[in-house]
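Numbering of ligands and ligand atoms starts at 1, following listing order.
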Amino acid sequence: MATVASHQAITTSHRPYNFKASHFPKEPLNNVPIKLRQKQFKIQASSQAPLLDPVLSPSKTTPQSSYKKKSSNEASLILIRHGESLWNEKNLFTGCVDVPLTEKGVAEAIQAGKRISNIPVDLIFTSSLIRAQMTAMLAMTQHRCKKVPIILHDESEKAQTWSHVFSEETRKQSIPVIAAWQLNERMYGELQGLNKEETAERYGTQQVHEWRRSYHIPPPKGESLEMCAERAVAYFEDNIQPELAFGNNVLIAAHGNSLRSIIMYLDKLTSQEVTSLELSTGLPLLYIFKDRKFMRRGSPVGPTEAGVYAYTKRLAQYRQKLDETLN
Ligand SMILES: O=C(O)[C@H](O)COP(=O)(O)O
C-alpha cells in the first residue's frame, strides 16, 4: 500500500520549477505565475498587466487599458490530455515515467490544436513530463493567433536571467508556458512499466480496476486519485484559478488522472462519480469561468464549429477579430 513517505518522495523529486518564497518574498503563492512572467518577460511590476493579446486589446500600446479589458469576469479554460505516448501504445502503466508521444500522439495533439484554434489562450500550464509539453506545443502550432509558446524557467536565478525576453513586441507575440510537477500523472508506484493486461491477469480485473479508477485506493506504493488530487487541485486553486479570475484564458495540457482530479473539482463530482470518468488522449475540453463558476462546454468539434463560438459573446468576438486580423 502507498505510504505518506512514498507520496512525499514523488512530490519532492519531480519538482523542476522551484517556486521558492524567497524569490518573491512579498507575494502570495497565487501571484507567482504572474510575477514569474513579469520577471522573465521584463514587465513593469507596477502595471500588474497580464500578457496582452492584441486581438483582445483595444490598444496595442497601452497596458493599462488592456488590463481593464482583461479584468472581465469571464475566461476560457481548455484541458487536454496528452496524445498517445509510446507506453500507451504498448499498454504499459506509465505514471511519472517520462515517455514521449507516438506518431499517432503527435497527430492527436495537432488535431486537438485545430479544434481549439479559435479559442483564446493567454497562458499555458503543462506538467513537467514531455508528453504533456509536446502536446501543448504541437497544439499551439495550429492556433490562429500565431503566437509563440515559450517555456518559463525558474529553476535558478541564472535560468531566469538567461531566458529574459527584452523586446516588448516579441513578448506580445509570445504565450508563457509554466511547467508544474503538480500536474504530473498520478505516480503509479510498483505498476510503472508493467503491462496492464498482464497485471489484470495476475491480480484480477477487479483489483486492477480499483487501482486505476477508484478514488481512495492507491496502487502498490503509488498515489491514489485522492493523493494525486491533493497536489493537482491545490496547484489549480493556488496558481491557475487566480489567472482565470484575472481574465486570462488558460490551456492545461496534462494527464488522464491529474485531469480527472481537476475535472472532479470543476464539475463537483463525488468520489463515486469520478470512477466512471474516462478521458481520451488528445481530446480538448472547454470550460468557461464566469462569476466564479466553471461551466462545462464540452469538446470543440472543429475550428469551424459554430456552436463553440455561440457559447459566449466573448468567444464569438475573439473569433471575429481573428477573422478580421488574419484574413
Ligand atoms: O499512466 C498511465 O498508465 C496512463 O497514462 C493512465 O493510466 P490509466 O488509464 O490506468 O489511469
Less than 4.0 angstrom from a charged side-chain N to a carboxylate O is my criterion; do [X] and [Y] meet it?
| X | Y | result |
| --- | --- | --- |
| E74 | K313 | no |
| E223 | R231 | yes |
| E168 | R171 | yes |

message = In this structure, is the centre-to-centre distance between the rings of W211 and Y203 below 6.0 Å?
response = yes
inquiry  = Is it the case that over 12 heavy atoms from other parts of the model lie below 6.0 angstrom from the CZ atom of R202?
reply    = no
ask   = Sequence neighbours excluded, which residues qualify as ring-ring contact (aromatic ring centres under 6.0 Å, His included) partners of F294?
value = F236, F289
note = Heavy-atom contacts under 4.0 Å to ligand 1, chain-then-number order, include exactly R81, N88, L92, F93, T94, G95, E185, Y188, K196, R212, R213, N257
